[in-house]
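Take a look at the structure set out below.
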Amino acid sequence: MIDDQLARAHRNNIQRYRQLLQTSLTEFERQFVERRLNEEQSKLEILVSSFSNESAPRPTTWPG
């Protein structure tokens, strides 16, 4: 449940930063928003990846 809330927060932030990039920004502001967007996307990818790894079936080893 916390993972779902965290993923939602990251997705909301990503959407907000993308919307900001559609507006008139100074070069400094644009660089800041782009950096934050990249950070949020990376965090979301890590979260999704870790969730996928946890829910994936573990390979079984056969004695032998």
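- Contacts of Glu34 classified as salt bridge (charged side-chain N to carboxylate O under 4.0 Å, His left out), with partners at least two apart in sequence or in another chain: none.
- Ion pairing of Arg36 with Glu40 is present here, as a side-chain N (NZ or NE/NH1/NH2) and a carboxylate O approach within less than 4.0 Å.
- Judged by distance alone, with hydrogens and angles left aside, the side-chain atoms of Ser49 form no donor-acceptor pair with the main-chain N or O of Glu45 at under 3.5 Å.
- For the side chain to side chain contact (heavy atoms under 4.5 Å, CB included) test with His10, the passing option among Val48, Leu44, Ile46 is Leu44; the others fail.
- For the atom pair Asn12 CG and Tyr17 OH, the distance stands at 11.5 Å (nearest 0.5 Å).
- Note: Glu39 CD to Lys43 NZ = 6.0 Å, rounded to the nearest 0.5 Å.
- Within the structure, salt bridge (charged side-chain N to carboxylate O under 4.0 Å, His left out) pairs that include any residue of residues 11-31 do not occur (at least two apart or interchain).
- Heavy atoms only, all atoms of each residue included: Leu25 and Leu20 are closest at CD1-O, 3.4 Å.
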